[in-house]
Structures are given as C-alpha cells and as structure tokens.
Amino acid sequence: METVRRAVRKWPRGIKRSIALSFDVGCVLTATVIALAAEPGTLPANPALERLLLIALACSIPVFTAFGLYRSMLRAVGSRMTYILAAAVIVSCLLLTVVDSSYLRWEIPWTAIFRFGFLLLTLAGFGRLVARDVLNRAPSSARTLVIYGAGEAGRRLAEALAASGTLRLVAFVDDDVRRQGVSMRGVRVESPDELNSLVRHRGVSLVLLAMPNATRRRRSEILESLRPLGVAVQTVPELSDIVSGAALIDDIRDVQIGDLLGRDAIPTSEDLQDACIRGRSVMVTGAGGSIGSELCRQILGRRPQRLVLVELSEHALYQIDRELRTLAAGQHPVDIVSLLGSVNSKSRMRKIMRSYGVRTVYHAAAYKHVPIVEENVLEGINNNVIGTWHTAEAAIEAGVETFVLISTDKAVNPPNVMGASKRFAEIVLQGLQHSARQTRFCMVRFGNVLDSSGSVVPLFRDQIRRGGPVTVTHPEVSRYFMTIPEAVNLVLQAGSMGMGGDVLVLEMGKPVRIADLARRMIELSGLSVRDAEHPEGDIEIRFTGLRPAEKLHEELLIGKNVTGTGHPMILRAVEHFPPWDLVQLRLRDLASAMEEGDVAGARVILEDVVVEYKPAIELADLVWRQNAASGKLGVAAATASKVTDLSSRRLN
C-alpha cells in the first residue's frame, strides 16, 4: 500500500487534476440520479434524463473549477477546503435553479435540488477526506509520537503532522484534567501518568512539547520528568518567538538548552533598554559574532536612528547585514551601515564614529577561545587589550556618550591569557574613565552563553548526532550559563545603568556541571548513556582532562565588594585597578613587546597589570615554541632580558 501511495504522490499535477475532476463528474451524476429517483414521478426517461445530467454537470463542474477546487492539494485538505466546497455546491444549486426556472420550466422540484446539493457535498467532501487520509497515512514503519499539550498549539501541530504523513500520532498528553479523556482529531487526550504505558505498549519514541506559553521553569520540570522514559523530545517555539514572527507554531525544534536551566524569563525594563538606543546612532563592534549579532537584532527592535556594524570578517558581516535588512523590512526605518574594519585601527574607528555620529558603542569584538588564545598570545592581547584601548580612545575623541565593553567571567582570577587580557581591557576602561569628560565607560561581565560559537552545546549536539562519544574535560567541571538573548537583554539594560568606570555583573544563577548537561542532552535525544553501570547504553561520556589553562570552576567577582542595582539580576562590583599613568606605561611596553614578537615579555606585562593572573601552564604560544625548538636563541635571549627588565618594574 505504501508503494502505491508513493507512486500516486509522484504523479504529475495534470493527472491528479484529471482524476479529481472525473471523480466530481461521477459525484454530480450520482447525486442527480439519486435526487430525482427519490422524488416520486420525477425521474424522466431518456433522452430527458441525459439532458438533466448534462445540465447538472454544466452547473457544477465550471463552478468547482472557478472556486479553485482543482488547484488544491488533496493531501492538504482541511476545514477551509470544506467551506470552499460547500460554497461551490450552494452556487451550483442556485445556478441549477435558475436554469430550471428559465429553460426547463420547473421540471425539477426544489426538494430534489436541495437533495442534490446535500448529496453532492457529502460525496465530494467525503471522497476528498478519504483521499487525504489515505495519501497522508503514515507507513507502519513511521515513528510513533505523543504531543504533550492539547491546547491550540497541540491541535495545529497535529494538523501539520497529519499533512506530512511521516509521523504517527497515537495520543495527546495534557496536565489539565478537564481535557483528559476527550478526543482531538480522533486521538485521545491522556494524563501524563500514562506516558510510561504509551512508551511500553504503543511504541512511542518521540514526544513533541507543544506548550509555547509555559514558563521556562515549567518546561524544565516537564523535560526532567520525560528523561527517564528514553524517548526523544522536541518542542515548538516559545510564545515570544511566535508573537514576534520569528517562528511558526508548527516549527518543530530540538529542545532549547535554555529550557534545561529551569530559569524563568528575565525581567525587562523598556526604559533601561531604550535609554542608550532609541533615536540614537549605535555602533556594535564584532557585529558578526554570537554576542555581536544578537546585540544587533535586539538593538534593531529598540528603534535606533542608525545601526553601525563593524566586523573584521567579510563573510560574517555579509550574513548579519542580510539578516538585519530582512528583519527591518516593514518596520520602523533604520539606517543600517555595515563596515569592514579592525578595532586595532584607532584612526578607522575614530572616522567611523565621527562620520556616523555614533553616540553608543557596544564593544563585542574579542578573541574568546581559551586554548586558541593561549597558543596565539600576541594576537589575543592585540585584539582584546590594544583593540579595546584604541576603540575606547577613538570613542573619547569622537564624543561618544556611552561605551559598553562585553566582558567575561574568565576575567576573574584568570589562569589563562584570554581571561587576563579581558581583565586588562576592563582596567583600561576604568583608567580612561578618569580622563573622559563626555564618554561614560562600563563593563558588563557574564559567564558562558549557550549555543554561541565554541560553546559545548553545538559540540555535544554534533557528537550525539554522530553516535558519540560526548567529550567532557572533567567530571566536576562547571560553568555559569545563560542563553544569548538573555545575556544581551541584560547587557542592554546594564549599559544604561553604568555610572562610569564600574563593572556590572549579571546574575547567572547556579553553575551547571558540564557532565550533567551532556547527560541531559543525550537522554532528551531518546538515547541512553553508556557507562560502567549501563554497558548497553547508546552513547559514552568520555572525560578528556582539563585543557591548558582551563579552570575547573568559573567565578564572577574579584573579592566580595559588590552592591545591588535597580535590577534584580544586575550587580555592581567595586574592584581595585592600578593608577592610569602606570597602566599607560604598561600599554606602551605591551605595544613594544608585540612589535618585537616578545611573547614572554607580553605575558609578564599581563601579570604586572592583572595581579590576579596566575599562569597555569608554561608558555604555549605556537610560534614562540617553534622558534625555541629550531634553535633561534637570539629571540629567546632578547626575551629573557626583557622579562628580567619588566620584572624589576612590577606595578605596586
């Protein structure tokens, strides 16, 4: 039967229309004969009967064609098509009445015409529904599923699944006892307590969570209850995405990792979000990155006068420019300016800011991958420290009002170059604030963002898709997590709260063990973890050891000198930083060390300025190591001399 269905689906559209038209011809003829036969003494003999049949066809088939009944796909027949068919039948009956009164002189009783319309609607409608169900019937090998949520989202999702014919729905599940026991589209609504039975006896292997208006905490509770069932779980988008038009209610997605955090939506102050954006010229550096691109999306929704995108990668700039112009279509007009440029070029940054009257800068351009920066020390420092310095000074010279640095929890007590360079960048802005009369600098520090480039989440998804193993560095390693939209939402609010030179820290909730996150992702994919206790499991979690200079646990604060703000999820940290004249001296030393390729000297400068920086490993810079291995001791000797000189001038 499935072979026949596949063959029919592949038929040319013309053949399918011809079959549908032939079927309707049969329905018209059958309805006419039965309607006349049921009327005593009305059924005429040939050729009068033939004439009535031809008239009935002439009054019906052209009307059906005009109503578009032969342009519709049978597999997508729904309630709207039923209404169209009913309207076409009514028009056909009215036309038949007019023809009968003017041409046949009332040979057909009105009761026969009424009966004809009823029979035609029944035959044509029922035939289409049967054809739809036969063509859409899922094969016996189709995946069996349950929809969790019997509300509007669940109903629409069921309709979409019925049209696809690739999945077999066996039940709805809903927490509302008023819905339990009733049927929707011929499928019974069950209690969540029946899920285990459905999995064991009906072969359910997939649960679709159709509760877009549920809080994230509630979704997290449901996901946790589904984990032991060993079924894959997917969801429909959240209500905010549906309302904004970013997604359709029947878009099926993998479980959003943010749901696993169990944290409710972040409170948003419209005034705080608008303060530095609405009606202003706003610039985002690193606009094509994970954080930068989300900053651009949310800024666009706050109605700036102009949005200036600065990005070093041509491809990333092209991608975000195209996306933003699509989002902006039909909305409040925004001047979107996409520019290639490096934050290391102070003159380029100054020209951009002055040319476009930039009033607010969100500085998201940074190198953030710990092992990569550890192996490319000078480039990491150049981008994260010197780039921030040059861009900030350009902002002062261009009269920018607000400059917000996107920082990281890795800047707290850093054991690696990446974290130390970000803390150095914070110190630069803290020092500049004392000489800046018009520009207000603030730093927003937060932990890992889910699904960003380099995040463990896309890595785990890919590893699960390939059958494992899922690699975790250490059984106890933990991180603070927040979704990218959440983090950016708070960044926009925090940027308006900064008083100048302060470090604002986002409340990240409780840290999450990476091993637990990996286990949840495996189990919610319908798979099981293979370990010593479950050797028959599907996917192994393999521990690879901490990467060079990686911390077991991250921190958000240096010391405990922290105060609250007007927002429950934003804190203000009061942290020590060196005098600006000494920082300037070290910045010049740093520029000199980079010009000479002095990796060791540059790292010593980091230790001088960032007193909390305690390198966890020896120098791992690949070029420096290659020079040392190839016997180029001239560079090594110069480096040793420079290190000694700098060490004698450590900051106090």
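These numbers come from a predicted model, not from an experiment.
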Assess whether side chain to side chain contact (heavy atoms under 4.5 Å, CB included) is satisfied between Leu405 and Lys422, documenting all intermediate values.
-> CA-CA 10 Å; Leu405 170 68; Lys422 292 297 288 185; 4.1 Å; yes
Let me know which of Val488, Ile291, Val284 forms a side-chain contact (heavy atoms from CB on, under 4.5 Å) with Ile406.
-> Ile291
Of Val377, Ile372, Val373, which meets side-chain contact (heavy atoms from CB on, under 4.5 Å) against Met418?
-> Val373
Does any N or O in the side chain of [X] come within less than 3.5 Å of the main-chain N or O of [Y], such that one atom is a donor and the other an acceptor?
{"X": "Asp538", "Y": "Ser528", "value": "yes"}
{"X": "Arg423", "Y": "Val412", "value": "no"}
{"X": "His369", "Y": "Pro371", "value": "no"}
{"X": "Glu374", "Y": "Val417", "value": "yes"}
{"X": "Asp621", "Y": "Trp624", "value": "yes"}

Could you grab the distance from atom [atom1] of [X] to atom [atom2] of [Y], nearest 0.5 Å is fine?
{"X": "Ile484", "Y": "Asn489", "atom1": "CD1", "atom2": "CG", "value": "13.5 Å"}
{"X": "Thr473", "Y": "Phe543", "atom1": "OG1", "atom2": "CZ", "value": "9.0 Å"}
{"X": "Leu223", "Y": "Thr235", "atom1": "CG", "atom2": "OG1", "value": "8.0 Å"}
{"X": "Glu221", "Y": "Asp175", "atom1": "CD", "atom2": "CG", "value": "10.0 Å"}
{"X": "Met594", "Y": "Asn344", "atom1": "CE", "atom2": "CG", "value": "8.0 Å"}
{"X": "Ile381", "Y": "Asn376", "atom1": "CD1", "atom2": "CG", "value": "11.0 Å"}

Run the side chain to side chain contact (heavy atoms under 4.5 Å, CB included) test against [X] and tell me which residues pass, sequence neighbours left out.
{"X": "Gln463", "result": "Leu459, Phe460, Arg466, Val470, Thr471"}
{"X": "Ser421", "result": "Asn384, Val385"}
{"X": "His534", "result": "Asp531, Glu536"}

Do you know which two heavy atoms are closest between [X] and [Y], and how far apart they sit?
{"X": "Arg218", "Y": "Tyr148", "result": "NH2-OH, 4.0 Å"}
{"X": "Gln180", "Y": "Pro192", "result": "NE2-CD, 3.9 Å"}
{"X": "Ala210", "Y": "Ile147", "result": "CB-CG2, 3.9 Å"}
{"X": "Leu195", "Y": "Val146", "result": "CD2-CG1, 4.1 Å"}
{"X": "Val182", "Y": "Arg179", "result": "CG2-O, 2.8 Å"}
{"X": "Asp409", "Y": "Arg445", "result": "N-CG, 3.8 Å"}

Side-chain donor-acceptor contacts of residues 309-321 below 3.5 Å, not counting sequence neighbours, with atom names and distances?
unit_1 : atom_1 : unit_2 : atom_2 : d
Glu311 : OE1    : Ala287 : N      : 3.3
Glu311 : OE1    : Gly288 : N      : 2.7
Glu311 : OE2    : Ser313 : N      : 3.0
Ser313 : OG     : Ala316 : N      : 3.2
Tyr318 : OH     : Arg322 : NH1    : 3.3
Gln319 : OE1    : Arg322 : NH2    : 3.1
Asp321 : OD1    : Arg325 : NE     : 3.0
Asp321 : OD1    : Arg325 : NH2    : 3.3
Asp321 : OD1    : Ser338 : OG     : 2.5
Asp321 : OD2    : Arg325 : NE     : 3.1

What pairs with [X] under salt bridge (Lys or Arg N to Asp or Glu O under 4.0 Å), at least two apart in sequence or on another chain?
{"X": "Glu294", "result": "Arg297"}
{"X": "Arg155", "result": "Glu152, Glu159"}
{"X": "Arg188", "result": "Glu190"}
{"X": "Arg200", "result": "none"}

Sequence neighbours excluded, which residues qualify as side chain to side chain donor-acceptor pair (under 3.5 Å) partners of [X]?
{"X": "Asp193", "value": "none"}
{"X": "Asp176", "value": "Arg178"}
{"X": "Asn383", "value": "none"}
{"X": "Glu194", "value": "none"}

What's the verdict on side chain to side chain contact (heavy atoms under 4.5 Å, CB included) for Thr408 and Lys368, showing C-alpha distance, side-chain angles and the deciding distance?
-> CA-CA 9 Å; Thr408 171; Lys368 62 181 182 179; over 6 Å; no
Are Leu619 and Arg625 close enough, and set up right, to give a side chain to side chain contact (heavy atoms under 4.5 Å, CB included), and what steps lead you there?
-> CA-CA 8 Å; Leu619 269 174; Arg625 284 192 169 189; 5.6 Å; no
Go through the steps for Ile605 and Phe424 under the test side chain to side chain contact (heavy atoms under 4.5 Å, CB included), then give the verdict.
-> CA-CA 10 Å; Ile605 294 171; Phe424 200 151; 4.3 Å; yes
So do Leu229 and Asn196 actually touch side chain to side chain, heavy atoms under 4.5 Å?
-> yes
Ile539 side chain reached by Ile464 side chain, heavy atoms, under 4.5 Å = yes
